[in-house]
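Report on the structure given below.
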Amino acid sequence: MVIFLNNDIAYKVFFVYRKYAKVFKENTLQKKKIKSLIFGISGQDGSYLGHLLFSKGHEVYGTTRKIRKKNLNNLNKLGVLNKIKILKC
């Protein structure tokens with residue numbers, strides 16, 4: 001705590017502190033997007049996990065052995081095939 005003898009100076013310091021405190025609060029309230037990597041996203045468990053994480057706001061990356069329509073059918077049924085990034089291993 002800082003105490004000044006002059007009331008004008010104390011008021012200015014308090015005002016500046018409040019101004020920066022407000023800016024700090026606004027920046028900390030913004031959510032950062034979490035990146036998630038799922039190995040085997042074309043399988044049953046991986047596709048449901050990918051759907052769940054995407055619905056919670058994560059940026060989802062998934063790996064699969066083969067990128068074929070048949071292998072990615074689970075993701076297509078859940079409607080997240082075009083919303084996630086798929087990497088071939």
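- For Lys70, there are no side-chain contact (heavy atoms from CB on, under 4.5 Å) partners at least two apart in sequence or on another chain.
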Which atom pairs, one a donor and one an acceptor, fall under 3.5 Å between side chains of residues 35-49 and the rest of the protein, sequence neighbours left out?
from: Ser36; atom 1: OG; to: His58; atom 2: ND1; distance (Å): 3.0
from: Ser42; atom 1: OG; to: Thr64; atom 2: OG1; distance (Å): 3.0
from: Ser47; atom 1: OG; to: Gly43; atom 2: O; distance (Å): 2.9
from: Ser47; atom 1: OG; to: Gln44; atom 2: O; distance (Å): 2.9

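- The two residues Phe54 and Val80 make their nearest non-hydrogen contact at CD2-CG1, 4.3 Å.
- In this structure Tyr61 satisfies the side-chain hydrogen bond (donor to acceptor under 3.5 Å, both in side chains) test together with Glu59, sequence neighbours excluded.
- Side-chain contact between Ile86 and Leu75 is present, with at least one heavy-atom pair separated by less than 4.5 Å.
- For Arg65, there are no side-chain contact (heavy atoms from CB on, under 4.5 Å) partners at least two apart in sequence or on another chain.
- Sequence neighbours left out, not one pair with a member in residues 74-87 passes side-chain hydrogen bond (donor to acceptor under 3.5 Å, both in side chains).
- Considering all non-hydrogen atoms of both residues, Ile67 and Lys88 come closest at CD1-CB, 3.8 Å.
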